[in-house]
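Keep in mind that what you see is a predicted model, and the values were worked out from it rather than measured. Residue numbering restarts at 1 for every chain, and letters A, B, ... go by the order of the sequence lines.
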Protein chains: 2
Amino acid sequence: MANEEWRAWPRKRRKWGEVLAKKRVTLADVARLAGLSTTAASMILTGRPDTRLSAEAHAKVHAAAASLGYRPNIAARALRTDKTRTIAFISDYVATTRFASGLIRGALAGAEQAQHVMLVLETGGEPAREIQAIEAALDRQVDGLIFAAMRAREVFVPDIAINVPTVMLNGTSPRFPVSILPDEYRGGRAAVELLAGAGIREGIVLLGYNEKEETGLFRSETVTNRLAGIRDAMAAAGTTFVAELSCWNWEPDHGYDLTRTVLKSLKPRALLCLNDRLAFGAYQALDEAGLAIPEDVALVSFDNDEIASYLRPGLTTIGLPHEEMGRMAISLLLGTPTPARVLVEMPVVLRGSLPR
Amino acid sequence: MANEEWRAWPRKRRKWGEVLAKKRVTLADVARLAGLSTTAASMILTGRPDTRLSAEAHAKVHAAAASLGYRPNIAARALRTDKTRTIAFISDYVATTRFASGLIRGALAGAEQAQHVMLVLETGGEPAREIQAIEAALDRQVDGLIFAAMRAREVFVPDIAINVPTVMLNGTSPRFPVSILPDEYRGGRAAVELLAGAGIREGIVLLGYNEKEETGLFRSETVTNRLAGIRDAMAAAGTTFVAELSCWNWEPDHGYDLTRTVLKSLKPRALLCLNDRLAFGAYQALDEAGLAIPEDVALVSFDNDEIASYLRPGLTTIGLPHEEMGRMAISLLLGTPTPARVLVEMPVVLRGSLPR
DNA sequence: AATCCTCGCTAAAACCATTTAGCTATCGCT
DNA sequence: AGCGATAGCTAAATGGTTTTAGCGAGGATT
């Protein structure tokens with residue numbers, strides 16, 4: 001008795017008095033009401049060109065569909081067409097949301113605009129879960145796959161047959177040529193140019209990275225590019241950093257510690273922080289030291305994290321264009337596949353931490 | 001060449017010499033290889049009890065399925081069974097992510113555990129998009145619907161026939177009895193009890209609400225409950241607020257302004273902030289005034305926002321149990337529907353803003 | 001008058017899995 | 001030998017849509 005679950009779906013209409021669960025209206029219902037075949041109804045509703053059905057037939061079918069509130073059953077349609085108007089967004093972490101959310105949001109918006117729907121799957125970066133996620137998506141006949149990484153890096157994609165268009169979002173994979181990344185190099189340049197534009201060319205401290213210490217450490221490709229942009233722009237401005245401090249983890253605590261260290265030995269004119277959280281820590285240390293932002297010390301940073309707008313004065317930062325990237329992932333998936341690496345410009349967000 | 005993976009799924013077998021893009025393996029293939037009928041294969045693979053197929057048949061089918069890497073086509077299965085192992089998460093904003101992310105994350109985790117998959121849809125709270133989202137989900141035969149609101153409140157659910165189990169997450173609707181909310185009343189009590197436990201019973205300022213000003217203003221039900229808990233606990237502790245300040249929007253700027261206003265006229269012993277962002281602004285104002293946290297002024301707040309852990313000292317706060325709520329939404333959907341309102345306990349997160 | 005074309009439409013197959021109904025061979029029993 | 005029961009399996013229907021192949025009627029062409 002317990003395996004009632006095994007029974008077929010109640011085939012017959014429920015008893016009176018129970019909640020009325022009306023049956024789905026099908027194409028056959030529409031056709032019947034219109035007095036035509038399902039073939040005709042299908043062709044008309046899918047807007048097939050070059051069919052020879054009369055204008056009258058069109059009118060009848062549309063009227064019937066509207067009056068019954070017909071909606072095609074996508075699963076059934078998928079069976080024939082292999083198209084589900086569904087795409088899968090597989091990411092390592094939705095968790096670390098500060099990063100993820102923009103990507104998802106952009107992709108969601110793009111999907112909605114293209115009349116698609118998005119399956120979201122999280123893998124925690126664990127290969128076993130990655131495999132399950134891919135299979136779950138493929139089982140559902142998705143029209144495309146987006147592999148999103150929360151920190152831009154090379155992503156390991158398990159070696160499963162994937163037969164649908166695939167885009168790497170905020171990451172790369174040797175297996176899939178299409179990837180979307182922030183234009184870190186130009187972003188890096190922009191940060192330095194911002195300082196130069198404010199007349200600051202001396203006394204700049206780099207917070208978050210130190211060539212000597214970091215050699216050999218793994219850093220994502222994007223950080224490498226960001227630094228390349230920074231260094232090239234510094235060279236172009238004819239200046240160098242007065243100090244470079246690195247830390248393992250770019251969290252506020254470290255920004256605080258590093259800044260205190262800096263202040264012991266010198267009096268910087270500006271801090272170039274590799275992310276907003278480091279900058280946040282720096283704010284606290286500068287406050288404690290009685291230094292005014294931006295009069296005594298200016299700050300420029302990266303990410304355009306939420307906290308950047310909470311700080312006072314607001315933090316000038318080179319934003320990660322996550323939303324735009326997410327949107328682009330969809331349009332690349334759905335549009336003509338251009339096997340190329342797309343670099344999305346990082347917006348410059350001006351706030352009070354830089355003198356004008 | 002390189003983008004062979006990109007090609008559309010070929011309808012017909014490709015010409016000789018082209019890369020062999022194997023067709024999906026179907027149940028019929030498995031049955032054929034096992035030398036049995038599809039009926040037998042289906043019964044065996046779905047683990048149907050009480051069938052009389054031989055152990056040998058079981059072995060053969062499983063072997064065949066494994067060797068072909070068979071995966072059932074869920075769309076086809078859904079056609080018969082009406083079950084897709086997919087549930088839809090429809091929210092007003094994923095955007096304001098600080099709120100949303102926990103809910104999604106929890107739901108995602110719950111779904112994965114239950115071997116389901118989640119469709120995420122965003123409506124921006126716009127009725128037209130809500131209707132589209134619901135229809136898109138229903139078209140795909142989802143097994144359940146979750147309506148999530150980013151700020152707990154009554155949610156307007158458009159009047160469309162919905163024939164699948166539905167749960168309101170962080171919101172309520174007269175139409176759907178099952179809803180999951182934070183236990184704001186107990187959370188409110190907890191905040192006051194925290195202060196009392198630290199020996200603070202006088203000089204407490206309430207930041208974010210003022211009965212006089214706020215009368216008539218719309219505030220969500222949960223805030224009402226939170227305040228009821230706060231006031232009951234204050235009464236139980238035999239004390240009252242020394243001041244109550246309200247603001248329209250609970251953003252850092254307002255916390256800053258309100259706190260400065262307070263400091264002009266009195267010297268509070270503690271600030272009870274209605275959310276972490278207000279508290280964040282308060283920190284800045286207290287810093288400026290040279291007051292030490294928690295020695296001069298203690299703080300307790302709500303939400304356990306990300307910034308709460310960045311502040312120094314860390315902010316003691318009553319957290320929103322979003323992740324747990326999301327997880328619960330799934331288990332309510334998939335388990336026996338208990339038409340009841342579920343209140344999830346708000347965790348007390350102790351940090352340095354309260355003296356010990 | 002026979003043939004061909006076009007128009008307007010439909011029957012039926014196909015997609016893939018599940019489920020119902022039922023078939024055949026064997027065994028046990030009288 | 002005859003009957004019924006059972007074990008072990010399968011044919012066919014089903015779900016909802018798209019798509020292929022083609023039908024019948026009427027008009028034009030030869």
Side-chain angles (χ1 to χ4, degrees), chain A residues 3-12 23-61 64-65 68-85 138-141, chain B residues 9-13 23-61 64-65 68 70-85 138-141:
Chain A
N3 50 356
E4 198 55 24
E5 295 230 346
W6 278 105
R7 303 195 115 290
W9 213 206
R11 288 230 158 294
K12 31 196 68 174
K23 258 185 82 60
R24 233 194 130 79
V25 9
T26 83
L27 185 63
D29 298 332
V30 173
R32 196 173 314 120
L33 179 58
L36 289 166
S37 67
T38 59
T39 308
S42 169
M43 287 173 155
I44 288 171
L45 291 178
T46 53
R48 200 181 229 243
D50 300 334
T51 173
R52 292 181 306 211
L53 296 159
S54 65
E56 189 197 7
H58 279 256
K60 281 195 294 188
V61 167
L68 294 179
Y70 169 70
R71 305 224 92 218
N73 179 328
I74 298 212
R77 175 181 286 175
L79 209 49
R80 277 261 37 187
T81 61
D82 253 31
K83 297 238 159 299
T84 51
R85 301 193 84 78
L138 260 28
D139 287 350
R140 284 164 182 83
Q141 319 249 100
Chain B
W9 215 198
R11 281 232 143 296
K12 34 194 69 178
R13 178 176 300 286
K23 261 186 79 62
R24 227 194 135 82
V25 7
T26 83
L27 186 62
D29 298 331
V30 173
R32 196 173 313 119
L33 179 57
L36 289 166
S37 68
T38 60
T39 308
S42 170
M43 287 172 156
I44 288 171
L45 291 177
T46 53
R48 203 182 227 238
D50 301 334
T51 173
R52 293 179 304 209
L53 295 160
S54 64
E56 191 196 6
H58 279 256
K60 282 194 294 188
V61 167
L68 294 178
Y70 171 69
R71 306 223 91 221
N73 178 327
I74 299 211
R77 175 183 284 174
L79 213 46
R80 276 259 46 190
T81 61
D82 255 30
K83 298 236 160 299
T84 51
R85 301 192 84 77
L138 259 27
D139 288 350
R140 284 163 183 83
Q141 318 250 102

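Of the side-chain N and O atoms in Y70(B), none sit less than 4.0 angstrom from OP1 or OP2 of dC16(C). Dashed line: the shortest gap from a side-chain N or O of R52(B) to OP1 or OP2 of dG8(D) is not under 4.0 Å. In terms of phosphate contacts, T38(A) brings no side-chain nitrogen or oxygen within less than 4.0 Å of OP1 or OP2 of dT17(D). OP1 or OP2 of dT18(D) sits under 4.0 Å from a side-chain N or O of S42(A). A close approach under 4.0 Å does occur between a side-chain nitrogen or oxygen of S54(A) and OP1 or OP2 of dC9(C).
In this structure, R80(B) places its CZ atom 15 Å from C1' of dC15(C), rounding to the nearest Å. Straight-line distance from the CG atom of D82(B) to the P atom of dT19(C): 11 Å, rounded to whole Å. Between R32(A) atom CZ and dC9(C) atom P the separation is 19 Å, expressed in whole Å. Between the CZ atom of R48(A) and the P atom of dT10(C) there is a distance of 15 Å, rounded to whole Å. Rounded to whole Å, the distance from CG on L68(B) to P on dC16(C) is 14 Å. Atom CD1 of I44(B) is separated from atom P of dT10(D) by 9 Å (rounded to the nearest Å). Spacing between atom CG of N73(A) and atom P of dT14(D) amounts to 18 Å, rounded to whole angstrom units. With rounding to whole Å, L79(A) atom CG is found 9 Å from dA17(C) atom C1'.
With dC15(C), dC9(D), dA12(C) as the choices, the nucleotide that has an atom nearest any side-chain atom of T39(A) turns out to be dA12(C). Side-chain proximity of M43(A) to the nucleotides dT18(D), dC9(C), dT20(D) is greatest for dT20(D).
By the 4.5 Å heavy-atom criterion applied to side chains, P72(B) and L45(B) are not counted as neighbours.
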